[in-house]
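All values derive from a computational prediction rather than experimental measurement.
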There are 2 protein chains.
Amino acid sequence: MRRDIFQAIADPSRRAIIALIAMQAMTPNAIAEHFDTSRQAVSKHLKILTECELITNQQVGREIYYRLEIDKMKEIDQWLEQFKKIWETKFEQLDNLLQTIQKKENEK
Amino acid sequence: MRRDIFQAIADPSRRAIIALIAMQAMTPNAIAEHFDTSRQAVSKHLKILTECELITNQQVGREIYYRLEIDKMKEIDQWLEQFKKIWETKFEQLDNLLQTIQKKENEK
DNA sequence: TAAATATGAAACTAATTGGTTGCAAATGTA
DNA sequence: TACATTTGCAACCAATTAGTTTCATATTTA
């Protein structure tokens, strides 16, 4: 089961968990209190998030604290880079459809 | 079937399609040539991307050109904003687990 | 030591996913 | 008009997903 950061954030519950533990580490029980689902369901989400290294955990007594690995979140931003180049320059104002058709015409 | 931008980019094929048409609009046939899968599979991906408004299309004769709606991509960036605040400030250097435990101690 | 608490894992299920093949509709071309 | 091209849609299928319930293990507490 290959885990992927984009697949991990596809689920709304997982995005909510990520946002929840972003500022401070939390235990599975504490996280589950914020949702309607069972603790076990949260636990499965935490497992998936751990597998793709978006979160890590640390045991303290019988509690296990989960925290966000903020550096991993940067990978999403890195993927967006290629599109930022498009929307940050004024390139977006050109009609790429017209470009495509014109190019095709020129090839004839 | 609720379509969501995060669910849309979860699939690697769809991310590839997005990157492919980012600079210039393309027809389903042209897009499919870049992949191993069938034209119909590409068509289904285009449908999903259209449903969440990440792409739009325009018919020219019997061809249909699909283009990226770059503004919609910004929504991913907007979601990332909350985490950028964390990684851009040096807040990340604080150990949030220690914070949490200390806070808990203080509450006793 | 016994009971309570915190957690993960396994087994099961209904719904969704991503792919396929086959077909119909619309448009362009000979 | 007849035929080729471009496309979307429906039906089907195997794999995956997100949830549940049940159970086992480890740690703290009475």
Side-chain angles (χ1 to χ4, degrees), chain A residues 1-18 20-21 24-52 54-67 97 100-101 104-105 107-108, chain B residues 1-18 20-21 25-67 97 100-101 104-105 107-108:
Chain A
M1 218 169 301
R2 186 78 31 85
R3 291 299 175 192
D4 176 296
I5 192 172
F6 292 99
Q7 200 238 321
I9 64 164
D11 185 85
S13 301
R14 283 196 290 270
R15 286 202 302 282
I17 290 173
I18 289 171
L20 195 58
I21 66 173
Q24 71 170 29
M26 290 178 76
T27 65
N29 264 334
I31 295 167
E33 281 171 18
H34 288 78
F35 300 97
D36 285 337
T37 75
S38 67
R39 178 190 61 76
Q40 286 89 338
V42 169
S43 205
K44 282 181 82 171
H45 285 308
L46 292 173
K47 192 185 176 192
I48 290 167
L49 292 169
T50 302
E51 276 169 8
C52 72
L54 262 172
I55 65 175
T56 53
N57 66 73
Q58 191 170 339
Q59 187 156 357
V60 178
R62 65 185 161 189
E63 292 180 323
I64 300 179
Y65 286 87
Y66 285 85
R67 83 173 79 183
L97 175 58
T100 304
I101 295 170
K104 207 176 170 184
E105 286 298 315
E107 283 166 4
K108 281 186 182 168
Chain B
M1 217 170 299
R2 185 80 29 88
R3 291 300 175 191
D4 175 296
I5 193 173
F6 292 99
Q7 200 238 321
I9 64 165
D11 185 85
S13 302
R14 284 197 289 270
R15 286 202 301 283
I17 290 173
I18 289 171
L20 195 58
I21 66 174
M26 291 178 76
T27 66
N29 264 334
I31 294 167
E33 280 171 17
H34 289 77
F35 300 98
D36 286 337
T37 76
S38 68
R39 178 190 59 76
Q40 285 90 337
V42 169
S43 205
K44 283 181 83 171
H45 285 308
L46 291 173
K47 192 184 177 194
I48 289 167
L49 292 169
T50 302
E51 277 170 9
C52 72
E53 299 176 306
L54 261 172
I55 65 175
T56 54
N57 65 73
Q58 191 170 339
Q59 188 156 357
V60 178
R62 65 185 161 188
E63 293 181 323
I64 300 179
Y65 287 86
Y66 285 85
R67 84 172 79 183
L97 174 58
T100 303
I101 294 170
K104 207 176 169 184
E105 286 298 315
E107 283 166 3
K108 281 186 183 169

Report, one line per pair, each donor and acceptor closer than 3.5 Å where one atom sits in a side chain of residues 36-45 of chain A; sequence neighbours left out.
| unit_1 | atom_1 | unit_2 | atom_2 | d |
| --- | --- | --- | --- | --- |
| A/Ser38 | OG | A/Ala41 | N | 3.1 |
| A/His45 | ND1 | A/Arg14 | NH1 | 3.1 |

message: Using whole Å, what does the distance between atom C1' of nucleotide D/dG8 and atom CD of B/Gln59 come to?
response: 11 Å

- request: Could you check how far NE2 of B/His45 sits from P of C/dG19, rounded to whole Å?
  value: 4 Å

query: So do the side chains of B/Leu54 and B/Ile9 get within less than 4.5 Å of each other, counting heavy atoms only?
result: yes

field: Distance, rounded to the nearest Å, where B/Leu46 contributes CG and C/dG18 contributes P
entry: 13 Å

field: Side-chain donor/acceptor contact of A/Lys44 with base of C/dG8 under 3.5 Å
entry: no

- prompt: Measuring from B/Ile18:CD1 to B/Asp11:CG, what's the distance to the nearest 0.5 Å?
  reply: 9.5 Å

message: Working to the nearest 0.5 angstrom, can you tell me the gap between A/Ile48 CD1 and A/Ile55 CD1?
response: 10.0 Å

field: C/dG18 OP1/OP2 closer than 4.0 Å to side-chain N/O of B/Arg14
entry: yes

message: How many whole angstroms separate atom CZ of B/Arg39 from atom C1' of D/dA10?
response: 14 Å

Interatomic distance where CD belongs to B/Glu51 and P belongs to C/dG18 [whole Å]: 12 Å

- prompt: How far does CZ of B/Phe35 sit from CD1 of B/Ile17, to the nearest 0.5 angstrom?
  reply: 5.0 Å

field: OP1 or OP2 of C/dG8 under 4.0 Å from side-chain N/O of A/Ser43
entry: yes

message: Please tell me if A/Ser38 has a side-chain N or O lying less than 4.0 Å from either OP1 or OP2 of D/dT21.
response: no

message: Can you measure B/Phe6 atom CZ to D/dT17 atom P for me and round it to whole angstrom units?
response: 19 Å

query: OP1 or OP2 of D/dG19 less than 4.0 angstrom from a side-chain nitrogen or oxygen of A/Ser13, does that happen here?
result: yes

field: First encountered from the 5' end of DNA chain D, between A/Gly61 and A/Ala10
entry: A/Ala10

- line: Regarding the side chain of B/Ala41, the nearest nucleotide among C/dG18, D/dG19, C/dT20 is C/dT20

- prompt: CG of B/Asn29 versus P of D/dA4: gap in Å, rounded?
  reply: 17 Å

B/Arg62 CZ to D/dA4 C1', straight-line distance once rounded to whole Å: 7 Å

query: Taking the side chain of A/Lys47 as its heavy atoms from C-beta onward, which of C/dG8, C/dA9, C/dT20 lies nearest to it?
result: C/dA9

task: State whether B/Gln40 places a side-chain N or O below 4.0 Å from either non-bridging phosphate oxygen (OP1 or OP2) of C/dG18.
output: no

